[in-house]
Amino acid sequence: MIRSAAWRSHSCGDLRAENVGQEVTLCGWVDNRRNHGAVHFVDVRDRYGITQLVVDDEAATSAAEQMSGLHQEDVVQVKGTVRMRIEGQRNADRITGDIEVVVDSVKVLSASATLPFEIADHIDVPEDTRLKYRYLDMRRSPLQRALQLRSKANNAIRNSLCDQEFIEVETPMLTKSTPEGARDYLVPSRMRPGCWFALPQSPQIFKQLCMVGGLDRYFQIARCMRDEDLRADRQPEFTQLDLEMSFVDEEDVYAAVEALMQNVYQAVHDVELAIPFERLPYNDAIALYASDKPDLRNPLTIVDVVDVAGDLDFVVFNNVLESNGWVRAIRVPGGASLSRKQIDNVERLAKESGAGGAAWCKIGAEGPTGPLSRFLKSDAGQAFLNRIEAVEGDLIFTIADTPRRAQVALDVVRRESASAMNMVGEDDRIVWITEFPLFEQNDDGSFHPAHHPFTCPVAEDLPLLRNGQKEGIRSRAYDLVLNGVELGSGSIRIHDKDLQNEIFDAIGIPPEVAQERFEFLLRAFNYGAPPHAGFAIGLDRLYSIMFDAESIRDVIAFPKTATSACPLTAAPSVVDIQQLDELGIKQVIETEQEVKS
RNA sequence: GGGGAAGUGGCGCAAUUGGUUAGCGCACAAGCCUGUCGAGCUUGGGGUUGCGGGUUCAAGUCCCGUCUUCCUCGCCA
């Protein structure tokens with residue numbers, strides 16, 4: 001409820017039958033007008049609701065004149081008296097629909113020009129127009145709802161973490177460039193010409209320093225910047241819930257995140273999220289789902305048939321087996337009911353993903369039919385079918401390729417065939433993917449570190465690492481995955497200087513480079529660093545899923561376009577040559593204006 | 001950086017094979033109307049078809065270039 005204030009006695013969503021007879025003052029925007037001559041309605045709207053104003057023969061004649069002069073989206077202050085609407089004319093769709101306000105006077109506080117688009121939910125407006133006039137888009141209920149929910153959810157996060165003894169710390173926006181990883185946004189230093197700040201890609205190092213500083217538990221709802229190309233679910237600046245904890249292992253981090261997620265779901269959906277979340281080691285996720293972010297609403301799983309595929313006399317399988325590739329199958333229960341067109345579509349998408357193809361067969365009453373079936377007539381074929389536990393009515397896909405390509409194709413086949421079968425569950429499924437590999441393989445066979453260099457390896461795998469092995473080394477890194485979307489990731493950090501240097505060495509960062517880039521962190525580790533671990537959740541992405549938004553932009557107040565531009569402010573823009581002079585910067589690219597002149 | 005789609009009054013769309021003065025709905029303006037709530041009815045104003053060039057008797061339509069937006073691959077340790 002809006003309390004009385006200098007400008008208004010109630011909000012536009014406050015008034016009910018019990019207010020009948022009261023003299024009230026409302027402020028808001030002129031929404032919809034319906035003028036019937038002798039009776040004239042105007043809706044006035046604010047964040048809280050819509051209230052119907054009316055003038056008729058019971059109203060002052062001056063009020064009728066003032067009402068007639070109103071335009072859409074004028075900001076008005078209205079004085080009047082609450083009365084019941086006449087029987088049969090109540091509006092059940094509106095919280096204030098039982099009453100109306102008979103107007104004594106209307107004062108226009110700020111008139112509106114003709115609008116670029118109507119402020120109505122049913123009007124479809126192109127997104128760049130909505131972004132250019134974001135403040136008008138904001139008056140409509142979808143964005144109102146998203147921003148209100150976002151605020152509520154942020155509040156739920158803060159409450160949960162503060163309850164768990166976390167301290168909110170603001171880390172710097174002007175910081176040091178660390179060239180590996182995403183491209184930095186750079187800010188020139190006027191005081192030290194030739195030197196540059198970077199905007200943070202994440203508060204990673206600062207939060208670790210907070211642990212060395214003895215804060216024990218840190219969090220921040222932090223803005224992060226990355227100068228990379230965009231996607232529907234990616235923005236150049238985005239908001240991350242960042243946290244770090246001392247003297248903990250994985251389970252402590254999971255518990256802290258689970259508690260806060262529970263609070264967020266409570267606040268947004270008013271449901272009790274089941275905890276603990278499922279845990280799935282990375283290797284199992286790849287084996288069962290061919291993905292490190294599997295959508296567990298999809299019941300299909302993958303079967304490794306490498307041990308039975310060799311006897312099928314299928315040259316494609318044999319070639320792949322010879323080069324140590326993957327031969328794996330997906331059994332789609334009931335999939336035999338799919339049309340040839342639907343199956344061809346799955347096969348086509350698998351091919352487009354880069355794999356050689358997806359050989360398939362249906363299991364009919366008479367046995368297998370379809371392209372793969374001719375390799376299944378033998379005893380070996382029966383062994384294959386037994387291996388994947390095929391029964392009548394099933395559809396079987398097989399993928400054979402290099403591990404990397406097979407993985408992508410299996411993921412596609414799993415997703416596409418489940419969606420064709422309509423077998424993806426409704427309920428949100430959240431899962432921890434644990435023990436990520438420390439290194440990922442490049443296309444040329446070499447390895448690069450899969451995470452930032454402060455990620456702790458699994459102790460058992462250390463001897464292998466010291467032997468120079470890269471493949472199969474596990475790290476104590478974990479991701480949180482919701483319905484096949486990666487929400488966030490974290491890890492147990494290295495707190496030992498010697499181990500840290502070992503890792504720098506293993507991932508190919510020479511000591512002098514490590515020293516130059518991370519000197520401040522390494523120095524801190526000299527003075528007693530506690531064992532620590534942390535996590536970060538991409539809040540824009542989480543909220544776009546939770547609020548059922550089409551794009552990440554729909555849950556951000558002032559988002560950027562796909563080219564990282566802001567249609568509202570027209571940023572980025574050309575600056576004065578004087579500004580550049582002060583910064584000691586000489587521009588070599590011709591600007592638009594210079595090209596024109 | 002690569003690929004795809006789109007761009008026509010403020011907004012959503014239409015315009016046949018290249019052929020009349022580029023239409024329609026909403027919004028906007030004026031008027032009528034005593035119960036509407038996405039009110040209704042009448043009348044009216046509003047367009048260099050993103051921009052530049054070309055082909056043609058004739059271009060919204062075809063060609064070339066360019067800009068903007070969206071999606072996507074690369075990229076995002």
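Predicted model, so just to flag it, every value in this text is computed and none were measured.
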Listed nucleotide nearest any side-chain atom of [X], set [options]:
X      : options             : answer
A/F41  : B/U36, B/U69, B/A77 : B/U36
A/Q89  : B/C70, B/U36, B/G1  : B/U36
A/P126 : B/G12, B/U69, B/C70 : B/G12
A/E228 : B/U72, B/C75, B/G35 : B/C75
A/H36  : B/C70, B/G35, B/G10 : B/G35
A/A182 : B/A77, B/U36, B/G1  : B/A77
A/D56  : B/G35, B/U69, B/C37 : B/G35
A/T563 : B/U69, B/C11, B/C37 : B/U69
A/R231 : B/A77, B/C73, B/C11 : B/C73

Give a yes/no on whether any side-chain N or O of A/R130 is located under 4.0 angstrom from OP1 or OP2 of B/G12.
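Looking at the OP1 and OP2 atoms of B/G12, neither is under 4.0 Å from any side-chain N or O of A/R130.
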Please enumerate all residues that pass side-chain hydrogen bond (donor to acceptor under 3.5 Å, both in side chains) together with A/K351, with sequence neighbours excluded.
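For A/K351 there are no side-chain hydrogen bond (donor to acceptor under 3.5 Å, both in side chains) partners, ignoring immediate neighbours.
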Mind checking side-chain hydrogen bond (donor to acceptor under 3.5 Å, both in side chains) for A/D496 and listing every partner two or more places apart, or none if nothing turns up?
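For A/D496 there are no side-chain hydrogen bond (donor to acceptor under 3.5 Å, both in side chains) partners, ignoring immediate neighbours.
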Using only heavy-atom distances, decide whether a donor-acceptor pair under 3.5 angstrom links the side-chain of [X] to the base of [N].
X      : N     : value
A/R234 : B/C76 : yes
A/R226 : B/C75 : no
A/E100 : B/G35 : yes
A/D229 : B/G74 : yes
A/N91  : B/C37 : yes

Across all strands shown, which nucleotide pairs with [N] by Watson-Crick or G-U wobble geometry, both distances under 3.5 Å?
N     : value
B/C41 : B/G31
B/U20 : none
B/U68 : B/A6
B/G47 : none
B/C75 : none

Nearest atoms (heavy-atom pairs only) where A/A285 meets A/I433:
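So the two residues come closest at CB-CD1, 4.2 Å.
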Between A/K470 and A/F439, is NZ or CZ placed under 6.0 angstrom from the six-membered ring centre and within 45° of the ring axis?
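Relative to the ring axis of A/F439, which defines the angle, A/K470 lies inside both limits.
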Could you please spell out the steps behind the side chain to side chain donor-acceptor pair (under 3.5 Å) verdict for A/Y218 and A/D242?
CA-CA 8 Å; A/Y218 142 98; A/D242 196 47; 2.9 Å; yes
Check [Y] with [X], please: is the shortest side-chain N to carboxylate O separation under 4.0 Å?
X      : Y      : answer
A/D461 : A/R474 : yes
A/R541 : A/E486 : no
A/D540 : A/R234 : no

Please give the distance between the C1' atoms of B/A5 and B/G9 as a whole number of Å.
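Here B/A5 and B/G9 have their C1' atoms 24 Å from each other.
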Between protein and nucleotides 24-31 of chain B, map the contacts as a letter string: B base, S sugar-phosphate only, - none, heavy atoms under 4.0 Å, written 5' to 3'.
--SSSS--
Nearest-nucleotide comparison on RNA chain B, the residue closer to the 5′ end among A/K560 and A/Q204:
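Its nearest nucleotide being more 5', the pick is A/K560.
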